[in-house]
Structure formats: structure tokens, C-alpha cells
Amino acid sequence: MPLGTLQHFTIEPRDLERSKDFYVDVLGLEIGDRPPLDFPGYWLYSGGVATVHLMGTRKPREGIVVRGTEKTYADTGRFDHIAFAATGVEAMRDRLRSKGVTFRESIVARTGDTQFFLYDPDGVGVELNFPRA
């Protein structure tokens, strides 16, 4: 039985509002519909798909493992980065600079595509892939 496409990924940020602002104001995702769950959070949409789930603090309950809020992350651990297909390389470059976001830019030698590499407020790596113009 083959897998389908990736549906979403979930991040448990240290600061829910700061992470929401990053993904919305910096990367341009949109806040969208989210079921009435019993903990705070956001579902952020890209192209009409709830791609990023930001999960606030949950209450422990049977069968649910809730990580300790004291845990800090020096890096992304086993999870290295997430990648988005993107368009508008010039506009995104300007947007990142205007928001003071540090990023590394490279060109893929084989294709000529442009890539931006940056980090969200919790240190999760983000890759943006722009097709060659």
C-alpha cells in the first residue's frame, strides 16, 4: 500500500504567537480553519492545504504523551528541515530582508533553481525552493 502526499507537519513551539507570526508574516502562510480542539494552536494553510500545524500546550490525558514545557532544543534533533516550493524569489528575498530574517541563498548547479535556507523561531530549518526563471 503506497503512501500519498505529505499532509502536514506539527510543531510545538516555545512561543505559539511568535511562531504563528513567523509562518504568516514572514513566509506568507494563511491562518485557516481548525477543529475546536481543547488546546491552543493554529492551522496554517499553503495553497488551500493545512500544511503547518502549530500546537500550544496540551493537558496530559490518557494515551497522549505531552512533552515537558521545560525542554529546550539546541537544534532540530532528528528532524532537520521542512521545504516549500515557492515563487517570487525577488519578492521573498526583499520580504526576508525587511523582516530582518537571516538566510542563506544558493543556486542548484544542476537545475539553476534558487534555494533559501533559514530557521523559524524554534530553530526548525526551512528551505524555500524557487524554480529557475
Side-chain angles (χ1 to χ4, degrees):
M1 172 154 78
L3 294 177
T5 60
L6 177 68
Q7 292 185 331
H8 70 269
F9 63 91
T10 300
I11 299 172
E12 295 179 84
R14 285 185 287 249
D15 183 327
L16 181 62
E17 295 303 313
R18 182 175 178 215
S19 290
K20 182 262 301 173
D21 290 346
F22 173 83
Y23 283 97
V24 172
D25 297 340
V26 175
L27 295 185
L29 297 182
E30 297 176 347
I31 298 171
D33 186 49
R34 177 178 180 262
L37 302 171
D38 65 350
F39 57 89
Y42 295 98
W43 281 14
L44 306 178
Y45 286 69
S46 174
V49 177
T51 306
V52 178
H53 293 186
L54 297 178
M55 187 165 56
T57 303
R58 296 175 292 160
K59 296 177 183 140
R61 63 180 193 240
E62 186 67 31
I64 301 291
V65 175
V66 177
R67 294 189 186 127
T69 56
E70 308 81 36
K71 184 172 176 70
T72 58
Y73 301 90
D75 58 34
T76 58
R78 293 184 184 126
F79 181 82
D80 186 68
H81 71 278
I82 58 174
F84 292 95
T87 58
V89 67
E90 303 292 338
M92 182 57 81
R93 184 183 295 115
D94 292 345
R95 183 180 194 147
L96 293 175
R97 287 178 177 157
S98 74
K99 304 270 184 195
V101 175
T102 301
F103 66 98
R104 178 174 58 86
E105 183 173 338
S106 68
I107 303 295
V108 179
R110 184 178 45 138
T111 64
D113 294 349
T114 300
Q115 296 179 306
F116 293 170
F117 298 93
L118 53 141
Y119 293 96
D120 84 354
D122 285 290
V124 174
V126 177
E127 175 183 326
L128 305 177
N129 293 301
F130 302 86
R132 186 170 96 185

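- Taking NZ of Lys99 as the start and CG of Leu118 as the end, the distance is 13.5 Å to the nearest 0.5 Å.
- Taking every heavy atom of both residues into account, Asn129 and Ala83 meet most closely at ND2-CB, 3.9 Å.
- We find that Asp122 and Arg14 are joined by a salt bridge, their nearest charged nitrogen and carboxylate oxygen being less than 4.0 Å apart.
- Tracing side-chain contacts under 4.5 Å through hydrophobic residues (I, L, V, M, F, W, Y), one never reaches Trp43 starting from Val52; they form parts of separate clusters.
- Considering every non-hydrogen atom in both Leu27 and Met92, the closest pair reads O-CE, 3.8 Å.
- Proximity of a side-chain donor or acceptor of Arg95 to a complementary backbone N or O of Val26 within less than 3.5 Å is detected.
- For the atom pair CD1 of Ile107 and OG1 of Thr114, the computed distance is 3.5 Å after rounding to the nearest 0.5 Å.
- No donor-acceptor pair under 3.5 Å is formed between the side chain of Asp21 and the backbone N or O of Asp25.
- The aromatic ring centroids of Phe116 and Phe130 lie less than 6.0 Å from each other.
- Looking only at side-chain heavy atoms (C-beta outward), Leu128 and Phe117 stay at 4.5 Å or farther from each other.
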Evaluate Met55 against Ile11 for side chain to side chain contact (heavy atoms under 4.5 Å, CB included), listing each step before the verdict. CA-CA 6 Å; Met55 187 165 56; Ile11 299 172; over 6 Å; no
Does the pair Val24 and Ile31 meet the rule for a side chain to side chain contact (heavy atoms under 4.5 Å, CB included), with working shown? CA-CA 7 Å; Val24 172; Ile31 298 171; 3.8 Å; yes
Going through the distances and angles, do Glu127 and Gln115 end up as a side chain to side chain donor-acceptor pair (under 3.5 Å)? CA-CA 7 Å; Glu127 175 183 326; Gln115 296 179 306; 3.1 Å; yes
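- Formation of a donor-acceptor pair under 3.5 Å by the Tyr45 side chain with backbone atoms of Asp33 is found in this model.
- Phe9 pairs by the ring pair (Phe, Tyr, Trp, His ring centres under 6.0 Å) definition with nothing, not counting sequence neighbours.
- In this structure, Glu105 and Phe103 have side chains that are in contact, with non-hydrogen atoms separated by less than 4.5 Å.
- Closest of all the heavy-atom pairs between Pro13 and Ser19 is CB-OG, 3.1 Å.
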Side chain to side chain contact (heavy atoms under 4.5 Å, CB included), that's the test. Do Tyr119 and Val101 meet it? Break it down for me. CA-CA 9 Å; Tyr119 293 96; Val101 175; over 6 Å; no
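- Within 6.0 Å of CZ on Arg34 lie more than 12 heavy atoms contributed by other residues, nucleotides or ligands.
- Rounded to the nearest 0.5 angstrom, Phe22 CZ and Asp15 CG are separated by 13.5 Å.
- Minimum interatomic distance between Asp120 and Tyr23 (heavy atoms only, all atoms of both residues): OD2-OH, 2.8 Å.
- Annotation: Glu30, atom CD; neighbour count of heavy atoms from other residues, nucleotides and ligands within 6.0 Å does not exceed 12.
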Verdict with reasoning, His53 to Tyr42, per side chain to side chain contact (heavy atoms under 4.5 Å, CB included): CA-CA 6 Å; His53 293 186; Tyr42 295 98; over 6 Å; no
